Structure formats: structure tokens, C-alpha cells
Student: 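I'd like to ask some things about the structure below.
Note that the structure is a prediction, hence the values are computed from the model and not measured.
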Amino acid sequence: MPFALNGAAWALLLMPVCALPFAAASVVAAVRGPVRSELLFIGMPTPFGDLSFFVFLIWYAAPLPISVTALSFALEAVLTHGAGVGALACMVLVALALTAVLLLGASHLAKKLRRH
């Protein structure tokens with residue numbers, strides 16, 4: 001949005017490209033299966049307390065930060081180099097590859113979930 005407000009309205013056209021990996025990340029999160037409560041009791045004591053809760057949160061929230069991180073690098077390249085064909089093609093390829101990897105992971109998780 002800041003780029004659109006500063007005169008680069010073409011940057012808004014990149015937002016629909018980002019929707020695909022975010023949707024794939026939500027599919028991965030949806031097929032995780034039953035809550036793995038054993039992650040809450042893995043016993044990682046530190047002077048600040050047990051870190052098991054954070055391991056549990058990272059396990060369930062990992063797909064979205066992975067998508068955001070990968071897309072932020074791709075978007076940064078596009079916004080730095082302008083609306084060139086090469087930069088836009090790279091952005092689209094990163095988004096499609098990330099979507100494919102996340103949906104492949106969701107497929108494996110769904111197959112594992114069906115076996116149980």
C-alpha cells in the first residue's frame with residue numbers, strides 16, 4: 001500500500017498474486033490433523049521457563065510466516081527494480097512455486113490424516 005500511495009499504483013496489481021500462497025498456507029494449516037498436545041510437554045527447560053508452548057505455536061503457525069517471508073523477498077526485488085518484465089516474472093514464479101510446495105505438503109498431510 002505505501003508504494004501505491006506514493007504513485008506506484010501498479011504495485012497493487014501484485015496483491016492478487018500473493019493471495020495464492022496465503023490460501024495454500026491456510027489449507028496446510030487446516031489439514032494439520034488433531035492437536036499434537038505432546039508438543040506441549042517436550043520439556044525444554046530454560047532459565048525463563050519451558051519453551052514447549054512456543055514449539056507448539058511454531059508447529060501450527062509455520063505455513064503463514066513461511067509464505068510471508070518468501071513473498072517479502074520476491075516483492076522487495078520487484079519493488080526495487082520497478083515493473084520490469086523480468087522482475088514481475090520472477091515474482092509470479094516464486095508465488096506459483098511456493099503455492100505448489102505448500103499444496104504438495106497439504107496433500108501429504110491430508111493423506112496422513114486419512115490413514116488415521
Student: Could you check L102 against V27 for side-chain contact (heavy atoms from CB on, under 4.5 Å), going step by step and ending with a plain yes or no?
Tutor: CA-CA 8 Å; L102 286 170; V27 170; over 6 Å; no
Student: Out of curiosity, L88 CG to L14 CG, how far, rounded to the nearest 0.5 Å?
Tutor: 6.0 Å
Student: Can you hop from L93 to M91 via hydrophobic side chains spaced under 4.5 Å?
Tutor: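 Shared cluster, no.
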Student: Just by modelled atom types, is the I66 backbone N or O under 3.5 Å from a matching donor or acceptor in the T69 side chain?
Tutor: no
Student: Is there a path from V28 to V68 through hydrophobic residues (I, L, V, M, F, W, Y) whose side chains come within less than 4.5 Å of each other?
Tutor: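 Yes; V68 is reachable from V28 via cluster members.
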Student: Report yes or no: do L75 and V101 belong to one cluster of Ile/Leu/Val/Met/Phe/Trp/Tyr joined by side chain heavy-atom distances under 4.5 Å?
Tutor: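 In one cluster with L75: V101, no.
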Student: Which heavy atom of P63 sits nearest a heavy atom of A29, and at what distance?
Tutor: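 Where P63 meets A29 most closely, the heavy atoms are CG-N, 4.4 Å.
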Student: Can you give me the closest heavy-atom contact between A70 and V94, atom names plus distance?
Tutor: O-CG1, 4.2 Å
Student: Between CG of L103 and CG of L109, what distance do you get to the nearest 0.5 Å?
Tutor: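 One gets 11.5 Å once the value is rounded to the nearest 0.5 Å.
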Student: Determine the minimum heavy-atom distance between P21 and S67, stating which atoms define it.
Tutor: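 Closest approach of P21 to S67: O-OG, 3.6 Å.
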Student: Here's a test for you: under side chain to side chain contact (heavy atoms under 4.5 Å, CB included), which of L71, T99, L98 qualifies with L20?
Tutor: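 The side chain to side chain contact (heavy atoms under 4.5 Å, CB included) with L20 is passed solely by T99 among L71, T99, L98.
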Student: Give the cluster check for V17 versus L64: same hydrophobic cluster or not, with ILVMFWY residues linked at side-chain heavy-atom distances below 4.5 Å.
Tutor: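 Per the 4.5 Å side-chain linkage, V17 and L64 are co-clustered.
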